[in-house]
Amino acid sequence: MFQSHVHSLRPMTSAHLAQTMTLLSLTSSELRQQIDAELAQNPALELLEERRCPTCHRLLTSKGPCPICSQPQVRGLDEPIVFISSREDFYTGSGMSTEDIPEDNLSAVTEDLPTFVLRQIALELSVQDRPIAAYLLTHLDDNGFLTIDTLDVARYYHIPLERVQNIIRMIQRSDPVGVGSSGPQEAMLVQLEVLAESRPVPPLAEMAIKNGLGQLSHHQFADLARQLKTSLSEIREISHFITENLNPFPAHEHWGDNRHPDEPLSEVYHQPDIIINFLNDSPKNPLVVEIILPLNGTLRVNPLFRQAIKQVSEEKKGDWKNDLERASLLVKCLQQRNHTMRRLMQRIVSLQQDFIIKGETFIKPITRAQISKELDVHESTISRAVSSKIVQLPNKRIVPLSVFFDRSLNIRSVLRGIIIQESRPLSDSELVTLLSEEGFKVARRTVAKYRAMEGILPAHLRRSFISAST
DNA sequence: CTATGGCACGGATT
DNA sequence: AATCCGTGCCATAG
């Protein structure tokens with residue numbers, strides 16, 4: 001076993017406890033937002049952009065999972081491997097690289113572009129504006145551009161044009177930055193604007209895009225330089241900057257053509273927080289549990305800040321100390337969260353291995369309370385950790401983490417099996433006896449409920465299936 | 001009369 | 001304390 005040394009208690013303030021709790025209940029993407037926000041406003045916090053493999057602690061150079069751990073030597077055979085990982089392909093932030101789409105992200109992209117965008121902005125939008133945003137988002141083409149006229153939308157909803165434009169503006173500034181624009185030019189202008197908030201951009205870039213997009217794409221630099229009254233080298237720089245940082249087709253970043261065609265439309269879940277898989281997808285290998293952590297690097301308290309605080313003037317010292325406190329608190333809590341999540345998954349996966357590998361029929365009825373006793377934490381801790389988390393199973397199904405605690409899933413699964421097999425439509429009470437023969441004692445009324453859950457019609461409306469066996 | 005769905009209650013779970 | 005789940009009773013449809 002590994003990492004059990006952390007179990008020894010470290011001092012816990014009440015603030016510590018409280019924040020650990022809230023962090024625990026956050027999903028990966030929410031966590032990222034939280035961290036980003038703190039990172040932006042707290043100078044004491046520092047993100048080392050390096051990527052280390054969380055298991056073997058080796059410095060990673062390329063994207064994707066650790067090359068060493070991905071091809072691991074045999075390690076704890078029955079015990080699943082649980083580790084924390086950062087998935088850049090999930091959380092590319094506002095990065096706009098046009099190339100390197102990781103090859104294994106087909107399982108990651110389970111949300112379509114409109115949903116993905118809407119989720120980001122839904123909270124900022126007023127309730128009345130949400131349907132409008134949704135409407136707009138359903139009219140995106142493959143490039144991520146709007147295919148309808150904003151004026152039409154305004155007329156359709158009987159609202160001022162300005163309001164529609166505001167919504168569009170919000171859409172444009174969310175994740176695939178520039179999505180919802182009318183074309184490449186507008187998209188790039190938005191991207192430029194967003195980029196300018198975090199780093200310096202060439203002063204003439206805006207002009208170049210506005211007036212000389214044609215020349216730029218045809219590499220007629222001299223022509224453009226004359227038009228903008230600037231030097232050729234300046235234009236070269238701008239051109240380089242643009243190709244490097246802007247993407248004329250926002251939707252191509254990760255959504256392009258490789259959608260998931262087979263995924264049933266029944267339930268739309270979001271990007272998983274946890275991925276369970278066999279090594280190399282081969283069922284002979286041990287299970288790997290990957291807990292997604294949306295950071296490309298290590299989060300820590302900036303040591304320089306720690307140094308500098310000693311020399312800062314008295315009146316500012318309070319603020320600085322406060323920042324320092326917050327920063328180290330966050331880091332600690334994050335560690336705590338990771339630790340808890342890892343132990344939780346470790347336990348769940350070893351308890352429910354049959355379910356994960358062989359299917360729903362083999363799920364064991366376990367409760368959160370039971371796990372909390374085994375891990376020696378409070379029930380609510382497990383509750384928070386489980387709720388609103390989403391897991392991807394080896395069979396590529398995306399389900400809530402709470403299915404591991406579904407008491408009736410196995411019975412429902414058996415029930416489904418019976419109904420599919422037997423040729424004559426069976427009444428609920430007949431099903432009760434059949435189920436009891438299988439070892440499940442449930443009331444007739446309950447069977448009806450399970451049927452409903454599985455979307456199976458009542459007996460008299462059911463046409464018997466053609467079955468092979470009598 | 002049989003088969004089902006609705007409502008609501010009590011115990012378990014969160 | 002709030003919520004979920006299995007179940008019993010009753011009304012209704014066939």
Side-chain angles (χ1 to χ4, degrees), chain A residues 12 14 17-28 30-31 266-267 269 272-274 291 333 336-337 339-352 355 360-391 399-465:
Chain A
M12 269 221 204
S14 60
L17 206 82
Q19 192 168 0
T20 309
M21 282 304 187
T22 47
L23 286 190
L24 201 56
S25 55
L26 296 181
T27 69
S28 305
E30 289 164 346
L31 188 64
S266 54
E267 289 169 81
Y269 287 116
D273 303 285
I274 295 154
I291 300 170
C333 293
Q336 189 72 41
R337 178 194 134 109
H339 183 228
T340 311
M341 286 302 295
R342 196 163 52 200
R343 294 209 307 151
L344 171 66
M345 289 316 296
Q346 167 91 43
R347 198 73 202 105
I348 289 183
V349 173
S350 31
L351 279 176
Q352 298 287 26
F355 161 61
E360 294 182 348
T361 321
F362 296 88
I363 197 171
K364 293 189 189 73
I366 59 175
T367 72
R368 297 162 172 78
Q370 178 191 337
I371 298 285
S372 77
K373 280 201 191 80
E374 289 175 12
L375 294 187
D376 195 30
V377 293
H378 197 277
E379 299 174 358
S380 69
T381 310
I382 303 295
S383 250
R384 288 166 183 278
V386 168
S387 69
S388 79
K389 298 276 190 319
I390 289 164
V391 178
V399 295
L401 185 52
S402 53
V403 296
F404 286 99
F405 299 93
D406 191 318
R407 272 173 287 169
S408 58
L409 190 58
N410 51 353
I411 309 187
R412 296 210 304 273
S413 173
V414 172
L415 176 68
R416 206 181 335 151
I418 293 178
I419 293 181
I420 289 177
Q421 278 183 12
E422 303 300 36
S423 45
R424 177 175 59 90
L426 299 164
S427 78
D428 283 349
S429 31
E430 286 171 310
L431 289 170
V432 171
T433 56
L434 282 181
L435 277 176
S436 66
E437 286 168 16
E438 299 273 346
F440 300 108
K441 44 171 185 61
V442 279
R444 182 234 104 217
R445 189 64 189 76
T446 313
V447 173
K449 294 252 166 161
Y450 289 166
R451 261 196 312 98
M453 285 189 201
E454 297 293 324
I456 300 173
L457 292 170
H460 58 280
L461 296 177
R462 221 153 62 215
R463 184 60 211 124
S464 51
F465 293 86

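Computation of the quantities below employed the complete heavy-atom set of this structure, encompassing side-chain atoms and omitting hydrogens, waters and symmetry-equivalent molecules.
- Computed from coordinates, the I419(A) CD1 to dA3(B) P distance equals 15 Å when rounded to whole Å.
- Between F405(A) atom CZ and dT3(C) atom P the separation is 20 Å, expressed in whole Å.
- Side-chain contact between N410(A) and F355(A) is absent, with no heavy-atom pair separated by less than 4.5 Å.
- Surrounding NZ of K364(A) are more than 12 heavy atoms belonging to other residues, nucleotides or ligands, all under 6.0 Å away.
- Using modelled atom types, one side-chain atom of R343(A) and one backbone atom of L375(A) make a donor-acceptor pair closer than 3.5 Å.
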- From CA spacing to verdict: side chain to side chain contact (heavy atoms under 4.5 Å, CB included), I390(A), T27(A): CA-CA 8 Å; I390(A) 289 164; T27(A) 69; over 6 Å; no
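- Proximity of residues 379-386 of chain A to DNA chain B (heavy atom under 4.0 angstrom from any strand atom) is restricted to E379(A), S383(A).
- In terms of phosphate contacts, R451(A) brings a side-chain nitrogen or oxygen within less than 4.0 Å of OP1 or OP2 of dG5(B).
- Spacing between atom NE2 of H378(A) and atom P of dT13(B) amounts to 16 Å, rounded to whole angstrom units.
- Put simply, CG on L375(A) is 16 Å from C1' on dT14(B), counting in whole angstrom units.
- With a 4.5 Å cut-off on side-chain heavy atoms, T381(A) and L344(A) do not count as touching.
- Between Y450(A) and dC5(C) there is no side-chain N or O to OP1 or OP2 distance below 4.0 Å.
- At a cut-off of 3.5 angstrom, counting only N and O atoms as typed in the model, there is a donor on one side and an acceptor on the other between the side-chain of R445(A) and the base of dG6(B).
- F440(A) has its CZ atom 16 Å from the C1' atom of dG6(C), to the nearest Å.
- Regarding R444(A), its CZ atom lies at a distance of 8 Å from the C1' atom of dG5(B), rounded to whole Å.
- When the nucleotides dA3(B), dT7(C), dG5(B) are ranked by their closest atom to the side chain of S427(A), dA3(B) comes out on top.
- Annotation: side chain of M341(A) is not in contact with side chain of D273(A) (no heavy-atom distance under 4.5 Å).
- Summarising the geometry, the separation between NZ on K449(A) and P on dT7(C) is reported as 11 Å, rounded to the nearest angstrom.
- Between the C1' atom of dG6(C) and the CG atom of L415(A) lies a distance of 15 Å, rounded to the nearest Å.
- Nearest to the side-chain atoms of R407(A) among the listed nucleotides dT4(B), dG6(C), dC5(C) stands dC5(C).
- Side-chain atoms of F405(A) and I348(A), non-hydrogen and from C-beta on, do get closer than 4.5 Å to each other.
- Of the residues in residues 361-368 of chain A, those lying under 4.0 Å from DNA chain B by heavy-atom distance are T367(A), R368(A).
- As judged by a 4.0 angstrom heavy-atom cut-off over every strand, S387(A) is placed among residues making no nucleic acid contact.
- Nearest to the side chain of A443(A), among dA8(B), dG8(C), dC9(C), sits dG8(C).
- Going from atom OG1 of T340(A) over to atom CZ of R384(A) covers 12.5 Å, rounded to the nearest 0.5 Å.
- A 4.5 Å side-chain heavy-atom check between L401(A) and M345(A) finds at least one atom pair inside the cut-off.
- Between I419(A) and L426(A), the closest side-chain pair of non-hydrogen atoms is not below 4.5 Å.
- Looking at the side chain of D428(A), the nearest of the listed nucleotides dG6(C), dT14(B), dT4(B) is dT4(B).
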